[in-house]
Each structure stands twice: as C-alpha cells, then as structure tokens.
Amino acid sequence: MKEIIQVNKISYSYPERPLLFNQLSLTVHQGEWLAIIGQNGSGKSTLARLIDGLLVLNQGEIIVDDLMVNDQNIYDIRDRIGMVFQNPEDQFVGATVEDDVAFGLENRLVKREKMHEIVEKSLKNVGMWDFRERIPANLSGGQKQRVAIAGIIALSPKIIILDEATSMLDPRGRKEILKLVRHLKEQNRLTVISITHDIDEAAEADRVIVLNQGKIIDENTPRAIFSHSKRLKEVGLDIPYTAKLIAALVKRGIVAEKSYMDDKELITWIQQLVSAK
C-alpha cells in the first residue's frame, strides 16, 4: 500500500518553548482512516499543521503524495490536502453557503458553468443544497461543518484532515459528520486523518496513533489500542463506551469474545446473549 504521507525524523518547537517533536517519524497509508489521539498539548494539531505546511519544521522532512513540504511545493501540497478545523466559522469567507463553497474554485479560475456544477454536486453530497442561499453564520454547528466539508470536497483533495472537527458538536451531530466523512471517503477514495481527543471518533478509524508529549507511545488497530484501558488512562485518555460496557459485563461474569466491538457488533452480540437465555 502506498504511503501517501511520510513524516521522517522531524523536530519542532514553538518559539521560546521546549522541543515538542524530537526525531518523530510516522507514515499514513493511501486510502486509510488514521486517528491521532492524545491529551491537549500532546502535539496532535501541531503535527497536522506541519503536514499542511502551516508551520515550518526545525529539522527533518515531510513528504505528501511524493512532494516535499516546502515553500516551493506549498500550493501543490494544499491542493492535495483539505483541512476541517474545530470552528468552521474560521473557514467561511462567502456571504452565502453557495458563495463560500465557490470561493476556492474561483481562486483556481474554474469556469463559471463548471463551478456551478461542482458547487451543486458538493452541497448535495453533504445534504446542504437546500441551504445554498443561507448565511453560513446562521446555521447550526453540524450544518456549518457540512458546509466546510463541501468547500473542501469541491476542490477534490486526496487527503482530508479533521482537526478536532467534531469537538464542538453534540453526540448526534458528531455521529452524523463522521458518517458523512466516511461516505465521502469511500465515494472519493480519500485518505482521512482524524486529529481528536474523542475516543469514540477514534474507534471508527482503521488505525490509531497515540501521542503523548510529542512522542508516539502506541500504534495499532482501534480494537488493540482500546483493549489496554489502564495504559490509556495513565496518559489521560478514556476508552469508548462500548469497551466500558464490555468491561462492566465481564465483572458480572459475562465474557465477550472480542476485546473491542463497534456499536453494531455490540448490539448483535447482546441480542445473541439475550436470545440464548
């Protein structure tokens, strides 16, 4: 599988602060959903900004889709990456939803007829076409994130980085956005990097990296990562609700066949337990 992002022995520190990353290396595989989790200050968002070229390395190199992240390649890099931030309002520039999604296309000098076609398709993909004439600031939190995602999808990136993108949403809104991103990932063969402290969001990834004080302390599938609840708690992280429920059942003498299961698997398993009695 192609490594679409390579982070090779990078070092970085903010001005007048201790070194955050010291010879950090990791890879992101094309087409995967990678979750990077850790406490506040662990370096998650800093890493995302280094990959996108918003911050400049002290040492080492980052390669995105065979391009070195540097001043020469920065615009090509950002064509390949779409960033969705915690507060979507920071990304809005248009007077209406439709204008906002069209903004990036206008900067690329896309012909107006083609632009209208892309904007319509992008907004329909995220379920926001009926809101095209609305002012973005007047939308709900989940709707704002859908518009932000539409603006990114319109530019056809290869990679989407969710930088705490669901942290301001309620549980229902968070679930809807993650379902939408997964649909778009499969539809457009995207690579997704989820920078998050939300454990249930990380549980939906293909692979999880645990960062602590700028260092990778674990890397594995969600099932394997969340089976070590004690270790996660030692670095200030929780485990998904499903894993907590399974642990509670174990205390009552009901042992699960698996150490971690998603919601659907868990419901199916519980239904089988009930019907067997």
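- Following chains of ILVMFWY side-chain contacts shorter than 4.5 Å, one cannot reach L232 starting from I195, and the two form parts of different hydrophobic clusters.
- Looking at R108 and D79, a side-chain N of the basic residue comes within less than 4.0 Å of a carboxylate O on the acidic one, giving a salt bridge.
- Remark: N212 engages Q39, I217, V235 in a side-chain contact (heavy atoms from CB on, under 4.5 Å) (not counting sequence neighbours).
- No side-chain heavy atom of E164 sits less than 4.5 Å from a side-chain heavy atom of F85.
- Note on F92: it clusters hydrophobically with V126, by side-chain heavy-atom contacts below 4.5 Å among ILVMFWY residues.
- A donor-acceptor contact closer than 3.5 angstrom links the side chains of N58 and S13.
- Proximity of a side-chain donor or acceptor of R78 to a complementary backbone N or O of G53 within less than 3.5 Å is detected.
- The minimum heavy-atom distance between M128 and V147, with the atom names listed, is CE-CG2, 3.9 Å.
- Between K179 and E176 there is no salt bridge, since no side-chain N of the basic residue sits under 4.0 Å from a carboxylate O of the acidic one.
- Transitive grouping of hydrophobic side chains (ILVMFWY, heavy atoms separated by less than 4.5 Å) brings I216 and I161 into a common cluster.
- Minimum heavy-atom separation, A95 to P136: O-CD, 3.6 Å.
- A donor-acceptor pair is defined here as one N or O able to donate and one able to accept, closer than 3.5 Å; no such pair exists between the side chain of R49 and the backbone of V56.
- Checking E3 against H29 by side-chain atom types alone, no donor-acceptor pair falls below 3.5 Å.
- Residues passing the ring pair (Phe, Tyr, Trp, His ring centres under 6.0 Å) test with Y75, sequence neighbours excluded: none.
- E201 and S194 share a side-chain donor-acceptor pair at under 3.5 Å.
- Among residues two or more places apart in sequence or in another chain, the side-chain hydrogen bond (donor to acceptor under 3.5 Å, both in side chains) test is passed with K44 by none.
- The backbone N or O of G31 sits less than 3.5 Å from a side-chain atom of K185, completing a donor-acceptor pair.
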Run the side-chain contact (heavy atoms from CB on, under 4.5 Å) test on I149 and L180 for me, step by step, so that the C-alpha distance in whole Å, both residues' side-chain angles and the decisive distance to 0.1 Å come before the verdict. CA-CA 9 Å; I149 292 169; L180 169 64; 4.3 Å; yes

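- Transitive grouping of hydrophobic side chains (ILVMFWY, heavy atoms separated by less than 4.5 Å) brings L57 and I51 into a common cluster.
- One side chain, S167 or Q86, offers a donor N or O that lies under 3.5 Å from an acceptor on the other.
- With values rounded to the nearest 0.5 angstrom, Q23 atom CD is found 10.0 Å from I10 atom CD1.
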Give the intermediate values and the outcome of salt bridge (Lys or Arg N to Asp or Glu O under 4.0 Å) for residues E234 and R231. CA-CA 5 Å; E234 286 174 353; R231 185 176 187 184; 5.9 Å; no

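- Taking a cutoff of 4.0 Å between a charged side-chain nitrogen and a carboxylate oxygen, D65 and K2 qualify as a salt bridge.
- T191 places none of its side-chain heavy atoms less than 4.5 Å from the side chain of I160.
- A side-chain N or O of S45 and one of D163 form a donor-acceptor pair less than 3.5 Å apart.
- Contact between V7 and L24 at its shortest, heavy atoms only, is CG1-O, 3.8 Å.
- Of the possible donor and acceptor atoms, none in the side chain of D52 sits under 3.5 Å from a partner among the backbone N and O of L54.
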Please evaluate residues L211 and I36 with respect to the criterion side-chain contact (heavy atoms from CB on, under 4.5 Å), reporting the C-alpha separation (whole Å), side-chain torsions for both, the decisive distance (0.1 Å), and the verdict. CA-CA 7 Å; L211 269 183; I36 301 177; 3.9 Å; yes

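- Closest of all the heavy-atom pairs between K144 and L139 is CE-O, 3.0 Å.
- Of the inter-residue distances, the one linking R182 atom CZ with Q187 atom CD reads 14.0 Å to the nearest 0.5 angstrom.
- Side chain of Q30 to main chain of R189: no donor-acceptor pair is present (N/O by atom type, distance under 3.5 Å, no hydrogens or angles).
- Seen from the ring of F131, R134 does not count as a face-on cation partner, given the 6.0 Å and 45° thresholds.
- No donor-acceptor distance shorter than 3.5 angstrom exists from the side chain of N73 to the backbone of L67, with no hydrogens or angles considered.
- For the 3.5 Å distance criterion, the side chains of D99 and T96 qualify, holding a donor opposite an acceptor.
- For the pair V210 and E219, the minimum side-chain heavy-atom distance is 4.5 Å or more.
- Each of L190, I118, V101 was checked for a side-chain contact (heavy atoms from CB on, under 4.5 Å) with I153, and the lone residue meeting it is L190.
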Show your working on salt bridge (Lys or Arg N to Asp or Glu O under 4.0 Å) between E117 and K121 and close with a plain yes or no. CA-CA 6 Å; E117 180 183 323; K121 181 180 178 181; over 6 Å; no

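- Side-chain atoms of V181 and L178, non-hydrogen and from C-beta on, never get closer than 4.5 Å to each other.
- Taking every heavy atom of both residues into account, A202 and V208 meet most closely at O-CG2, 3.7 Å.
- The closest donor-acceptor contact from the side chain of Q143 to the backbone of S140 lies under 3.5 Å.
- Hydrophobic clustering places L26 together with Y12 (ILVMFWY residues linked when any side-chain heavy atoms are closer than 4.5 Å, directly or through intermediates).
- Between Q145 and T166 the shortest side-chain heavy-atom distance does not fall below 4.5 Å.
- Side-chain atoms of D100 come within 3.5 Å of backbone N or O of V93 as a donor-acceptor pair.
- To the nearest 0.5 angstrom, L109 atom CG is 11.5 Å from K111 atom NZ.
- Smallest separation of non-hydrogen atoms from T27 and E32: O-OE2, 4.4 Å.
- One finds no salt bridge joining D200 and R174 here, because no Lys/Arg side-chain nitrogen approaches an Asp/Glu carboxylate oxygen to under 4.0 Å.
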